[in-house]
> 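Following this message is one structure expressed as structure tokens.
Below, chains carry the letters A, B, ... as their sequence lines are ordered, and counting in each starts from 1.
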2 protein chains.
Amino acid sequence: MARRTRDEALETRHAILDAAELAFQENGVSRTSLAEIAKRAGVTRGAIYWHFENKAALFDAMIQRVFDPLERMLQDLRTHEDDNPVVALRSIAAYYLERVATDPQYVRVLEIAWHKCEYVGEMAVIRDNHLECGNRYLDLNETGFRLAQQRGYLRTDVDPRQAAVGFIALVDGLVVNWTLDGSQFPLGDYGPRCLDAYLEGLKAR
Amino acid sequence: MARRTRDEALETRHAILDAAELAFQENGVSRTSLAEIAKRAGVTRGAIYWHFENKAALFDAMIQRVFDPLERMLQDLRTHEDDNPVVALRSIAAYYLERVATDPQYVRVLEIAWHKCEYVGEMAVIRDNHLECGNRYLDLNETGFRLAQQRGYLRTDVDPRQAAVGFIALVDGLVVNWTLDGSQFPLGDYGPRCLDAYLEGLKAR
DNA sequence: TCATACATACATGCACGAATGTATGTAAAT
DNA sequence: ATTTACATACATTCGTGCATGTATGTATGA
């Protein structure tokens, strides 16, 4: 193929990432070769090595393409619309669950991230990045719960950090189990209600 | 090495499984060769191929060695000690969390199962087995919650299945996140309290 | 009880494919 | 003219599966 223009090159890059999503979802990260991805994307391995350093970098880019916008959403978030910060935390989590339940790209990438890759070697670095992001989210929730407690919305006998840990575990657990077997329960339906049940147990009486 | 007796052969088998646990935890399932496992176990690949058909069968055996006893515990379980079946469900889950928090073998195997393998190809069959087991556990919880609701222990406005789904998601989420990064929170401490918070939100008023 | 025949529990070696990384070719965009 | 955006070709590594070797445990019959 002849040389393509800048925009076309960007299209190629996205085509590769799209192909990688589908291939990884079907066969797992370690069992899909770059040749397989190239074939699906209608290019050769040369194109992949042009755009990405190696498979780990390609994987990282695939993840970031989906989660970078989400992270940015988290940063310019106003948690001060309601006096009870838990309201905001709940709506963030509910939005996330709804997004996962409806956006097929989210489903693909989350299924890959949770069940179709091994966080080892070069991949471990990628995991650490997301762990860091997860820690920020944990802190966000913890301070929210702590504030709610000070304002009398939360029971005084629970540790705010523990409340945050449980809340995040619930969200992650729902996504992990649903991406493992979507026929077990409707995520968009059950998810938010489970959140409400958990938060109900934390409310001050 | 000369031929070993039956008991010694069993020891070899367990040595291979032990070595596989450590190797898989360090380098992931797909990136550890059978040669590496053999080296750690002090044998050669011949021994592994004698005891197991291939890597997938070895992985399956490694999982079953840990979870078969747990499954058997679930089966001869008496849930009728307390009038409220949720009490039993809570104690099962709490026992599981405590076990994970204290038994290093559980930690290894769960870390591998959740984060260091790809459920694809021959592995998918193994995953399906555990999904089936998970479904039985889900049913157990669902009927427990339903019974509790009939007996007036549970709020009438929640779906028992949804309650069960959330409960299991919470347990799995705690384990998944803790095996991902054990420094985030103390599982043995926070885990049971998170369960209580969730169950508190389901109680009838 | 003891010799024999067979099964067992591995070790060793080889052939094969598969995947990666890189070096190089190439034609068009800039 | 030079860089870009790939395609092509090649070398190398690595793991698997299998075939085969081998020495000993174990059961069996006389």
> Taking the side chain as every heavy atom from C-beta outward, state whether A:D128 and A:Y119 have any atom pair closer than 4.5 Å.
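Of all side-chain heavy-atom pairs linking A:Y119 with A:D128, none is under 4.5 Å.
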
> Would you indicate whether B:R136, at its atom CZ, is surrounded by more than 12 heavy atoms from other residues, nucleotides or ligands within a distance under 6.0 Å?
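Counting neighbours around CZ of B:R136, more than 12 heavy atoms of other residues, nucleotides or ligands fall under 6.0 Å, so yes.
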
> Categorize A:R6 for me: base, sugar-phosphate, or nothing, with a 4.0 angstrom heavy-atom threshold over every strand shown.
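Answer is sugar-phosphate: A:R6 comes under 4.0 Å of backbone atoms only.
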
> How many Å lie between CD on B:E8 and P on D:dG25, as a whole number?
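So the CD-P distance, B:E8 to D:dG25, works out to 8 Å.
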
> Can you tell whether the side chains of B:D159 and B:R161 come within less than 4.0 Å, N to carboxylate O?
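The answer is no: the pair does not qualify as a salt bridge.
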
> Counting only side-chain nitrogens and oxygens, does B:W50 get under 4.0 Å of the OP1 or OP2 atom of C:dA9?
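For C:dA9, OP1 or OP2 has a side-chain N or O of B:W50 closer than 4.0 Å.
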
> Does any non-hydrogen side-chain atom of A:T12 lie less than 4.5 Å from one of A:W50?
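When only atoms from C-beta onward are counted, A:T12 and A:W50 do not touch, as no gap falls below 4.5 Å.
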
> How long is the line joining CD of B:E53 and C1' of D:dG17, in whole Å?
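Those two atoms, CD and C1', are 11 Å apart.
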
> Output yes when B:D18 and B:R40 qualify as a salt bridge under the 4.0 Å nitrogen-oxygen rule, no when they do not.
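No salt bridge links B:D18 with B:R40.
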
> Is any side-chain heavy atom of A:L180 closer than 4.5 Å to a side-chain heavy atom of A:W114?
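Result no, sub-4.5 Å side-chain heavy-atom pair not found.
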
> Closest to the A:T44 side chain: D:dA9, D:dA5, D:dA7?
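The nucleotide sitting nearest to the side chain is D:dA7.
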
> Nearest whole Å is fine: how far is C:dG21 P from A:N54 CG?
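Going from CG in A:N54 over to P in C:dG21 covers 6 Å.
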
> Residues of residues 27-40 of chain A with any non-hydrogen atom less than 4.0 angstrom from an atom of DNA chain C: list those, numerically ordered, please.
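By residue number: A:S33, A:L34.
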
> Rounded to whole angstroms, how far apart are CD on B:E122 and P on D:dT16?
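Computing the B:E122:CD to D:dT16:P distance gives 12 Å.
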
> Using a cut-off of less than 4.0 Å, is there contact between a side-chain N or O of A:Y49 and OP1 or OP2 of C:dT22?
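Checking A:Y49 against C:dT22: no side-chain N or O falls below 4.0 Å of OP1 or OP2.
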
> Please report, rounded to the nearest Å, how far the C1' atom of D:dC6 is from the CZ atom of A:R13.
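Distance check: A:R13 CZ to D:dC6 C1' gives 15 Å.
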
> Roughly how many Å is it from CZ in B:F52 to P in D:dG17, rounded to a whole number?
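Taking CZ of B:F52 and P of D:dG17, I get 14 Å after rounding.
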
> Please tell me which of B:A47 and A:R45 maps to the more 5' nucleotide of DNA chain C, matching each residue to the nucleotide holding its nearest heavy atom.
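That would be B:A47.
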
> Does the distance from a Lys or Arg side-chain N to an Asp or Glu carboxylate O, for A:E36 and A:K39, drop under 4.0 Å?
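No.
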
> A:D7 CG to C:dT30 C1': how many Å, rounded?
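Value for this atom pair: 13 Å.
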
> What nucleotide among C:dA11, C:dT20, D:dT16 has an atom nearest to a side-chain atom of B:V43?
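So the nucleotide nearest the side chain must be C:dA11.
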
> Rounded to the nearest angstrom, tell me the gap between atom CD1 in B:I48 and atom C1' in C:dA9.
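Rounded to whole Å, this separation is 14 Å.
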
> Does A:T5 place a side-chain N or O at less than 4.0 Å from the phosphate oxygens OP1/OP2 of C:dT30?
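For C:dT30, OP1/OP2 do have a side-chain N/O of A:T5 under 4.0 Å.
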
> Ignoring backbone atoms, test whether B:H51 places a side-chain nitrogen or oxygen under 4.0 Å from the OP1 or OP2 oxygen of C:dC10.
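Affirmative; the distance criterion is met.
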
> Verify the contact: side-chain N or O of B:T12 to OP1 or OP2 of C:dC10, cut-off strictly under 4.0 Å; return yes or no.
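Checking C:dC10 against B:T12, a side-chain N or O does come within under 4.0 Å of OP1 or OP2.
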
